[in-house]
Amino acid sequence: MLRLKDGIHFDLSRTIVADARGAVGDVNVVSHAHADHLLERASTGTVVCSAATAALAGARTGADVEFVEETDGILLLPAGHIVGSRAALIEEDGRRFLYTGDVSTRDRLSLRGFEPVPADELVVETTYGHPDYRFPDQRELEGRIVDWIADAEDRPLFLFGYSLGRAQEIQALAERATNRRLVAHGAVAKMNRVIESVSDRRFSAVPYAEVDELAPDDVFVVPTHLARNGWVNRLADRLGAAKVGFSGWAVDESFRYRGGYDETFVLSDHCDFDELVDLVGAVDPERVYTHHGFDETFASHLATEHGYEAYPLRRNQRTLGEF
Ligand SMILES: [Zn+2]
């Protein structure tokens, strides 16, 4: 039995719950620190996650939660999405369930892509599970971003990315491109510090709080949700800065207008459509459950084009017998 409630519930001999806001399972899997709510309230069951996820989630929620990195019948596999992100392979009575969490099979900068393993049942995230979302070659894209930043020497730059994950990739690319001073918004700087404490990554960016004033030569790394923020935009206007957005959604022209960006790049920490299809092929499951984003589109593509039994997970719907 598989249910989408608050998180994804595997009702096996014990209840295994993945990425829920409350720790309601006998075992609670936290795939990565974007899903940071669980650790706030974990009280009963075992929490399974990577040490990096525990540290990052703890820094975001302020909670110090006990966790294990593996437990009987549950194996965590690097998911290639952000630092510490893990897929979970659950095994019971010889049956294998693979839960991907957010996932990328592409190697990106310091992150190795997810390596799919065979399973009987696959629960896969389908954020970009629509054929419109095909991403450029990663190496070529990284090269283009580095060149663009290097060529923009005459302008202050505001680079926008989610504070955990994208922002660190952007910093790595900016460090490769230029010797200009990098300044990190507080939310980004906070994640930088935690990542430094759990890995060998080091960031040269100065926290914004330690800067008297942004200089015309600075490269400022800002969380995406501030792209339309008044303070950020007044600052960008005053400095004559170029605003640059990085996201898989940059495939859509509207992404540029919604964020008010001068330039955008299709830089994502998820699989694109083709990579999702390849991932399913490599896992080769009997049954596929899709969730997030284009869950219906992708499930129906798998069924009609590839002959898989595939279903979008629906809230509070039991998977067997209700389809
Ligand atoms: Zn995520």
Side-chain angles (χ1 to χ4, degrees), residues 4 6-8 17-21 28-40 47-61 67 76-88 98-116 122-130 133 135 138 160-172 187-188 190-192 194-195 198-199 201 221 223-227 245-251 255 265-273 275-276 279 289-295 298 313:
L4 176 65
D6 184 11
I8 290 167
V17 178
D19 292 330
R21 282 161 198 267
N28 301 285
V29 175
V30 185
S31 66
H32 66 297
H34 287 159
D36 58 354
H37 309 279
L38 169 68
L39 297 181
E40 240 173 302
V47 173
V48 190
C49 65
S50 69
T53 292
L56 288 160
R60 308 183 94 192
T61 63
F67 68 97
L76 297 183
L77 307 165
H81 171 60
I82 61 165
V83 178
S85 69
R86 298 288 184 267
L98 178 62
Y99 170 73
T100 64
D102 284 357
V103 67
S104 168
T105 50
R106 276 187 319 288
D107 288 339
R108 294 173 298 118
L109 299 155
S110 57
L111 267 184
R112 292 290 305 276
F114 174 63
E115 291 178 17
L122 170 65
V123 181
V124 63
E125 64 105 346
T126 46
T127 305
Y128 295 110
H130 187 288
Y133 295 90
F135 300 155
Q138 184 69 19
F160 291 84
Y162 192 72
S163 58
L164 173 58
R166 199 82 37 77
Q168 284 76 33
E169 288 181 49
I170 294 168
Q171 290 174 83
V188 174
K190 182 175 171 182
M191 291 298 105
N192 286 353
V194 185
I195 292 168
V198 295
S199 73
R201 287 283 307 273
V221 182
T224 306
H225 73 273
L226 296 179
F246 300 85
S247 171
W249 300 114
V251 164
F255 175 77
F265 291 96
V266 182
L267 183 70
S268 174
D269 39 27
H270 292 262
C271 284
D272 74 358
F273 178 78
E275 290 164 339
L276 284 173
L279 186 159
Y289 301 101
T290 58
H291 68 106
H292 281 328
F294 294 101
D295 52 355
F298 194 72
L313 277 177

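All values below were derived from every heavy atom in this structure, side-chain atoms included, with hydrogens, water molecules and symmetry-related copies excluded. Each ligand, and each atom within it, is numbered from 1 in the order the structure gives.
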Please confirm if an N, O or S atom belonging to Asp269, backbone or side chain, lies less than 2.8 Å from the Zn ion (ligand 1).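 False for Asp269.
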Task: Heteroatom test (N, O or S) for His270 near the Zn ion (ligand 1), limit 2.8 Å - done: no
In this structure, the Zn ion (ligand 1) sits at the vertex of an angle between NE2 of His81 and OD2 of Asp102 that rounds to 10° as 100°
For His34, the N, O or S atom at the shortest distance from the Zn ion (ligand 1) is ND1
* side chain to side chain donor-acceptor pair (under 3.5 Å) with Ser199: which residues, sequence neighbours excluded? ->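 Ser199: no side chain to side chain donor-acceptor pair (under 3.5 Å) contacts found.
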Hey, what's the ring geometry for Phe246 with Phe265, parallel, tilted or perpendicular (30° and 60° as the breaks)?
parallel
task: Could you give me the CA-CA distance, side-chain angles and deciding distance for Trp249 and Tyr133, then say whether side chain to side chain donor-acceptor pair (under 3.5 Å) is met?
output: CA-CA 8 Å; Trp249 300 114; Tyr133 295 90; over 6 Å; no
With sequence neighbours excluded, tell me which residues meet salt bridge (Lys or Arg N to Asp or Glu O under 4.0 Å) with Asp269.
->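 Testing Asp269 for salt bridge (Lys or Arg N to Asp or Glu O under 4.0 Å), a comparison that skips the adjacent residues, returns Arg166.
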